[in-house]
Novice: 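Next up is a structure, given as structure tokens.
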Amino acid sequence: MENANNTVFHEKKKSMRTIGYKWLIFALVMLFNPNIQLIDLLPDFIGFFILAKFLEKAADAAPYFEEAREAFLKLGFVNLFKFPALILVRAVRSHNTLDNDILALMTLVFAVLEIIYLIPAIKNLFDALSYLGERGNAESLIKSDSLISTDALRSFTLAFAILKSLLYTLPEFLKLTRSVEIGTTTSMLTGSRYYPWAVVASLLIGFVFGGIWLSRILRYSKRIKLEGKFYSSLESLADENSYAAYEKRVTERSRNRVFLMFILAAVSSVDLTFSDFNGINLLPAFVFGLLFTIGLMGLVKHTNSKEMRVPVLVSGFLYNTVALLKYIYTFNFLDNYGYSALLYDANAEAIKLYKTVEIFAVIEVVLYLALTLLFYILMKRYADTHLGHFNSSSSETIKSSYYKEINKKTITLSSLASLVGILTFINVFVNGSVKLIFSNPADVTFPSLIVPNLPWFSLLVTASVIAYAFYSVYYFNFIKEEMSV
């Protein structure tokens with residue numbers, strides 16, 4: 001049996017070469033260029049995600065790689081969130097085009113987050129390379145006789161990473177709102193005549209230092225590739241560990257990805273709408289559907305439930321298709337008419353279009369509940385299979401009580417998910433029933449508002465989503481803790 005395991009182990013080590021040298025070069029190129037505000041012409045998140053994938057197998061064989069991989073993964077998500085942040089900035093500035101403070105705040109927040117994760121990512125990466133070079137006899141990883149030595153490159157990479165974050169942040173502080181006294185009058189001004197020059201200077205400095213860093217890191221990478229001992233060093237270190245330990249690390253990482261998909265799905269259930277975008281939801285339901293379906297397929301794999309593969313794929317495909325069609329019709333309705341067109345049934349075309357939205361909402365909620373049912377079945381199966389470490393003296397009563405408590409938590413999470421789907425479905429019909437109210441009933445010349453007959457219902461939906469998201473985080477952290485016992 002041990003020989004069979006070792007054979008599988010050596011086969012799996014060959015898969016360490018999953019991400020090729022060209023992909024690594026592509027990732028590094030994506031990271032060298034400076035940003036303008038939150039705009040990155042070569043998106044950094046692509047480079048960070050590729051680096052995280054590149055280090056995935058190395059993390060199973062040598063120390064420090066896992067810490068670096070996790071940091072790069074977080075950096076990828078931080079940079080990915082710059083897109084919704086830009087949408088938020090645009091929404092805020094649409095009310096006041098002179099408001100540059102929000103942009104300065106956002107750039108500062110993202111710069112701080114990047115630096116927080118970049119420092120440990122770079123430190124752990126070069127610690128891993130040094131360790132691998134020393135233990136695996138890969139001289140190219142620990143040479144110290146040039147500017148592209150591991151230690152020299154570590155220092156320069158840290159300096160460049162911090163500089164890059166500062167360069168897209170500092171110019172924005174020249175556009176902060178300030179008060180200026182002109183005679184007896186105090187005026188509020190925004191912007192500075194030095195701002196364009198500061199941006200140009202930051203770009204020039206960024207490209208110079210970025211070019212130097214890219215040149216050095218590419219030479220370093222090429223030296224490692226030419227020596228050809230990177231993967232063999234990883235494999236020699238992997239040989240020092242048992243097959244069981246290797247399998248455990250791989251399984252834990254895969255499991256954590258599955259749990260993350262469900263947490264992200266819960267968070268994406270929030271209704272992200274702005275009046276400046278006609279009330280259109282910027283997080284459509286099919287985003288939840290895609291994440292949730294990916295999570296379900298992960299549970300199918302981890303529970304070895306091959307018979308559930310088809311139901312999950314079919315339900316996921318149908319739900320996402322219906323959710324997409326519903327979103328298209330909703331977008332069309334809000335963009336061309338809006339809920340005011342439903343008042344007093346005055347607009348026949350708007351009513352007809354919204355009826356179509358309601359029909360899709362009925363089909364969508366049925367498929368949504370099917371997905372949550374599949375989640376309960378698979379998650380219960382997963383808990384029954386992987387949780388509970390009892391010894392021979394443990395009674396059946398103790399075991400039964402333990403699994404009942406786990407099942408209660410699984411039912412609670414499934415119920416919260418179902419509640420969100422049902423309330424979201426009802427909200428479609430609530431939004432379709434509107435009324436006219438006057439800001440001052442005593443004087444009809446005052447501005448009037450068109451609101452749903454149950455204006456508080458959207459708050460109930462939001463509260464259920466928040467409860468669902470928080471309980472998801474609690475539940476999956478609880479499951480991970482139980483598995484580590």
Side-chain angles (χ1 to χ4, degrees), residues 27-49 71-122 156-182 185-214 272-277 282-283:
L28 296 173
V29 170
M30 298 299 286
L31 297 174
F32 95 97
N33 66 299
N35 297 356
I36 304 174
Q37 298 172 350
L38 296 179
I39 301 170
D40 188 8
L41 297 179
L42 300 177
D44 286 351
F45 72 87
I46 296 176
F48 287 130
F49 283 144
F72 283 128
L73 197 60
K74 291 173 182 176
L75 281 164
F77 283 112
V78 166
N79 279 270
L80 189 60
F81 287 142
K82 286 182 179 180
F83 292 101
L86 280 171
I87 295 173
L88 179 60
V89 168
R90 180 180 173 184
V92 171
R93 295 197 68 213
S94 65
H95 294 288
N96 181 7
T97 56
L98 297 178
D99 183 7
N100 294 312
D101 294 359
I102 182 65
L103 186 55
L105 175 63
M106 283 295 181
T107 54
L108 178 62
V109 168
F110 278 98
V112 170
L113 285 173
E114 285 185 343
I115 291 173
I116 287 173
Y117 290 120
L118 277 168
I119 291 175
I122 295 167
F156 191 78
T157 302
L158 273 171
F160 170 65
I162 295 172
L163 178 66
K164 180 178 176 179
S165 297
L166 293 177
L167 286 176
Y168 76 78
T169 305
L170 295 178
E172 300 310 312
F173 286 91
L174 293 174
K175 297 178 72 177
L176 291 176
T177 304
R178 64 193 187 280
S179 60
V180 178
E181 293 186 3
I182 304 175
T185 305
T186 301
S187 301
M188 301 302 294
L189 299 179
T190 182
S192 168
R193 65 178 182 272
Y194 299 112
Y195 175 74
W197 297 104
V199 172
V200 171
S202 69
L203 288 174
L204 290 175
I205 295 171
F207 274 116
V208 169
F209 277 85
I212 295 172
W213 172 80
L214 182 62
L272 188 62
T273 60
F274 298 100
S275 58
D276 303 288
F277 294 92
L282 301 180
L283 279 175

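Throughout, residue positions are numbered sequentially from 1 according to the sequence presented. A quick note: this is a predicted structure, and the numbers were derived from the prediction, not measured.
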Novice: Quick one: side-chain contact (heavy atoms from CB on, under 4.5 Å) partners of Ala71, sequence neighbours excluded?
Specialist: Ala121
Novice: Under the rule for salt bridge (Lys or Arg N to Asp or Glu O under 4.0 Å), what residues qualify as partners of Lys74, not counting sequence neighbours?
Specialist: none
Novice: Quick one: ring-ring contact (aromatic ring centres under 6.0 Å, His included) partners of Phe160, sequence neighbours excluded?
Specialist: Trp213
Novice: Taking atom CZ of Phe32 as the centre, report whether more than 12 heavy atoms of other residues, nucleotides or ligands fall under 6.0 Å from it.
Specialist: yes
Novice: Which pairs of donor and acceptor atoms, one on a side chain in residues 103-115, lie under 3.5 Å apart (sequence neighbours left out)?
Specialist:
| unit_1 | atom_1 | unit_2 | atom_2 | d |
| --- | --- | --- | --- | --- |
| Thr107 | OG1 | Leu103 | O | 3.1 |
| Thr107 | OG1 | Ala104 | O | 2.8 |
| Glu114 | OE1 | Ser165 | OG | 3.3 |
| Glu114 | OE1 | Tyr168 | OH | 3.1 |
| Glu114 | OE2 | Asn79 | ND2 | 3.3 |
| Glu114 | OE2 | Lys82 | NZ | 3.0 |

Novice: Out of curiosity, Phe48 CZ to Met30 CE, how far, rounded to the nearest 0.5 Å?
Specialist: 11.0 Å
Novice: Could you pull out all residues at least two apart from Phe49 that satisfy ring-ring contact (aromatic ring centres under 6.0 Å, His included)?
Specialist: Phe77
Novice: Can you list the residues that meet the side-chain contact (heavy atoms from CB on, under 4.5 Å) rule with Leu167, with sequence neighbours excluded?
Specialist: Leu163, Ser202, Ile205
Novice: More than 12 heavy atoms of other residues, nucleotides or ligands under 6.0 Å from CZ of Phe81: yes or no?
Specialist: no
Novice: For Leu170, which residues count as a side-chain contact (heavy atoms from CB on, under 4.5 Å) partner, sequence neighbours excluded?
Specialist: Leu166
Novice: How long is the straight-line distance from CD1 of Ile162 back to CG of Leu118, given to the nearest 0.5 Å?
Specialist: 8.5 Å
Novice: Sequence neighbours excluded, which residues qualify as side-chain contact (heavy atoms from CB on, under 4.5 Å) partners of Leu158?
Specialist: Ile119, Ile122
Novice: Output yes when a side-chain donor or acceptor of Lys164 lies under 3.5 Å from a complementary backbone atom of Leu31, and no otherwise.
Specialist: yes
Novice: Does atom CZ (Phe45) have a neighbourhood of more than 12 heavy atoms from anything else shown, all under 6.0 Å?
Specialist: yes
Novice: Can you sort out the partners of Asn35 under side-chain hydrogen bond (donor to acceptor under 3.5 Å, both in side chains), two or more places apart, ordered by chain and number?
Specialist: none
